[in-house]
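Remember, it's a predicted structure, so these values are computed and weren't measured experimentally. Lettering follows sequence order; numbering is per chain, from 1.
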2 protein chains.
Amino acid sequence: MAQFADRLIQQILAKNSRCIVGLDPRVDQMPAFVRGSGTYAAITAFHELVMDAVADLVPAVKPQLAFFEQYGVAGMQAFENTVLAAKQRGLLVIADGKRNDISSTAEAYANAYLGEGAFDCDALTVTPYLGRDSLAPFVEACKKHGKGLFVVLKTSNPGSKDFQDQRVETTGRPLYESIASMLHELGEDLVGESGYSSIGAVIGATFPEEGRRLRELMPRAQILVPGYGAQGGSAKAAAECFNDDGLGAVVSSSRGTTYAFGDPAISRDAFVRGVREKTLRMIEDVNAAVSLVNPQTPLRSPALPRA
Amino acid sequence: MAQFADRLIQQILAKNSRCIVGLDPRVDQMPAFVRGSGTYAAITAFHELVMDAVADLVPAVKPQLAFFEQYGVAGMQAFENTVLAAKQRGLLVIADGKRNDISSTAEAYANAYLGEGAFDCDALTVTPYLGRDSLAPFVEACKKHGKGLFVVLKTSNPGSKDFQDQRVETTGRPLYESIASMLHELGEDLVGESGYSSIGAVIGATFPEEGRRLRELMPRAQILVPGYGAQGGSAKAAAECFNDDGLGAVVSSSRGTTYAFGDPAISRDAFVRGVREKTLRMIEDVNAAVSLVNPQTPLRSPALPRA
């Protein structure tokens, strides 16, 4: 199988879209027409509808595991179905689980999400605090199965300053920069034909300066930028995470795209139309910002795939 | 419901045992007599047998989520059953998931493992990298439902030096000490009648000096010490994580207790006897080390509950 990095870039170019849709099941906030037939059925129907609406507009979806886990076994069944349904629609799946552990336990997580059994996702978000060797089993799985990683570097919340921003004595620079340098090295082995690595990073859309600096430290990484919209992140800030070629990042929106409809009695058609419009507007917004920050980018902008 | 800290201490005193058993399903390494009837049935039978063997010897079990997740939905069904089966046997459940995220996503994880629906565990391991506000939803769940947290501070792997040990400019001390101080503050609100807090920490059994220092920084925290046996941690090193009252920590063994039988053709009786003997030996080893390091401890030592 082709490397994850290349598969993602191919999708981005084909759809001229740097946006992905987050899938965070919140059953009590779903439209009435999908509810009432149980948790599993509601999540499944909701996600299939969202993905039908955006399959030609975005390269990937990002199911957030926490929201599935909160529904117990039924939630994990719905996760399994969501992954399969995404693949059927030609969408890559970035499982957002912020997992990690050491040695054989990290290996078990890699088996769970980046192997070929259990949940066969395309990429997984992981945390770096346990050190370089904790990432090794994930990197191995990426090599073996053409999968990808996004390592959490700098999050969009206020508390991201507590430890991520601590300056370390040896370098005089924030901790997240030490981690970025390590990731850059680690990613060298997984650079695909696109010139991008399958070892990426997560950087919140609320810190443009940090984004720019990290972009320099890890030029080949693909950056997952959550926090657009609901968490206060802007396309302008996210644009700093892109390279001059207009590539190297994907911007994610969850609530702002899928739970923005307001009225629980919304019809199926109006819901699909709404999700599609929100997504198109976001693609346009992000592409415009990327063009502005990187004037040489070869983007058609504003890029509006036909509805 | 009583605070988690008090429930744990009560169990520790009643059983005179500071040891817990890790439950890491590895189906291909289970005895032949539990295999052959499918993943769910094998994990379930294996864990029920292990818990029958140790229910009077240990205060808690520590299922490692990664090993369940690697079996997909069947694995999560087995996790659900394992949690219920532990409760039926009077064992506390510390879900080892090293979860975390920000705002409503952290809340979803708290719902998943520390709420009353989904998986109703007694405590959860979480990671600190996302900062203090990322822990808030977990702390709230602990307050509301009498649950507990163990925040990863210092792990037993070589890579724990990469970021955890980085000295930060503001204090000149390792990062994990900044986190420990923050946890000490955070835990003040959740100190129970026992004098211990329901906000604890994870410290690997391979770093005795760090354990001693962290014990001082967070005197009221209960410390989860994994890595006894298989990961090279010793009772002597683990003992540094205890207070002079002989309390304040639990030492965990997984593989060394449950997968140490060697012969896959082992009989049910021999397996149960083996798990029980390993556990008794570990309890004795840890109690002796705790008495040695803290000579004033009120332990009966060596403590051997009757088989």
Side-chain angles (χ1 to χ4, degrees), chain A residues 24 26 64 66-67 69-73 75-77 79-80 96-113 115 117-119 127-136 152 155-164 166-170 172 175 178-179 182 231 255, chain B residues 24 26 64 66-67 69-73 75-77 79-80 96-113 115 117-119 127-136 152 155-164 166-170 172 175 178-179 182 231 255:
Chain A
D24 301 358
R26 302 167 189 256
Q64 169 51 258
F67 287 95
E69 288 168 82
Q70 74 176 341
Y71 297 112
V73 171
M76 294 308 287
Q77 274 170 325
F79 177 73
E80 183 182 48
D96 195 356
K98 305 203 171 56
R99 298 297 199 258
N100 205 356
D101 213 300
I102 61 172
S103 63
S104 62
T105 310
E107 215 176 298
Y109 278 130
N111 289 343
Y113 297 102
F119 309 109
T127 56
Y129 184 67
L130 306 192
R132 183 169 182 151
D133 63 9
S134 72
L135 298 175
V152 177
T155 50
S156 62
N157 58 319
S160 78
K161 71 178 186 321
D162 295 346
F163 309 121
Q164 299 165 31
Q166 287 291 330
R167 286 179 187 273
V168 302
E169 278 193 352
T170 45
L175 176 65
S178 307
I179 302 177
M182 183 272 282
Q231 291 171 34
R255 259 175 301 171
Chain B
D24 302 358
R26 304 167 187 255
Q64 169 52 258
F67 286 95
E69 289 168 80
Q70 73 177 340
Y71 297 111
V73 172
M76 293 308 286
Q77 274 170 323
F79 177 73
E80 185 183 47
D96 195 357
K98 305 206 170 56
R99 300 295 199 261
N100 206 356
D101 212 300
I102 63 173
S103 63
S104 63
T105 310
E107 214 176 298
Y109 277 131
N111 289 343
Y113 297 102
F119 308 109
T127 57
Y129 184 68
L130 305 191
R132 183 168 181 149
D133 63 9
S134 72
L135 297 176
V152 177
T155 49
S156 62
N157 58 319
S160 78
K161 72 178 184 321
D162 295 348
F163 309 122
Q164 299 164 29
Q166 287 291 331
R167 284 178 188 275
V168 303
E169 278 193 351
T170 44
L175 176 64
S178 308
I179 303 175
M182 183 271 282
Q231 290 172 35
R255 261 175 299 171

Q) Is it true that A/Arg132 and B/Asp162 make a salt bridge, defined as a side-chain N closer than 4.0 Å to a carboxylate O? A) no
Q: Sequence neighbours left out, what passes side chain to side chain donor-acceptor pair (under 3.5 Å) with A/Ser104? Give chain and number order.
A: B/Arg26
Q.
For A/Gln164, which atoms come within 4.5 Å of any heavy atom of chain B: side chain, backbone, both, or neither?
A. both
**Q.** Per-residue contact mode, A/Tyr113 against chain B (heavy atom under 4.5 angstrom)
**A.** side chain
Q) Side chain, backbone, both or neither: which part of B/Leu135 has a heavy atom under 4.5 Å from chain A? A) neither
Q.
Does any backbone or side-chain atom of B/Gln64 lie under 4.5 Å from a heavy atom of chain A? Answer side chain, backbone, both or neither.
A. side chain
About how many Å separate [atom2] of [Y] and [atom1] of [X], when rounded to the nearest 0.5 Å?
X        : Y        : atom1 : atom2 : value
B/Glu69  : A/Thr105 : CD    : OG1   : 11.5 Å
B/Phe163 : A/Ile179 : CZ    : CD1   : 4.5 Å
B/Asn100 : A/Thr127 : CG    : OG1   : 9.0 Å
B/Gln166 : A/Gln166 : CD    : CD    : 11.5 Å
A/Phe119 : B/Met76  : CZ    : CE    : 7.5 Å

Quick one: which of [options] has the most heavy-atom pairs under 4.5 Å with chain B, could you say?
options                             : answer
A/Thr170, A/Asp24, A/Val152         : A/Val152
A/Pro128, A/Gly97, A/Gly117         : A/Pro128
A/Met182, A/Glu80, A/Gln77, A/Arg99 : A/Arg99

Q. Does a side-chain heavy-atom distance below 4.5 Å link A/Lys98 with B/Tyr129?
A. no
Q) Are side-chain heavy atoms of B/Ser156 and A/Ile102 found at a separation under 4.5 Å? A) yes
Q. So, the side chain of A/Asp133 versus the backbone of B/Gly159: is there a donor-acceptor pair under 3.5 Å, distance only?
A. yes
Q: Please name the pair of heavy atoms, one in A/Ala118 and one in B/Gly72, separated by the smallest distance, quoted to 0.1 Å.
A: CB-N, 3.8 Å
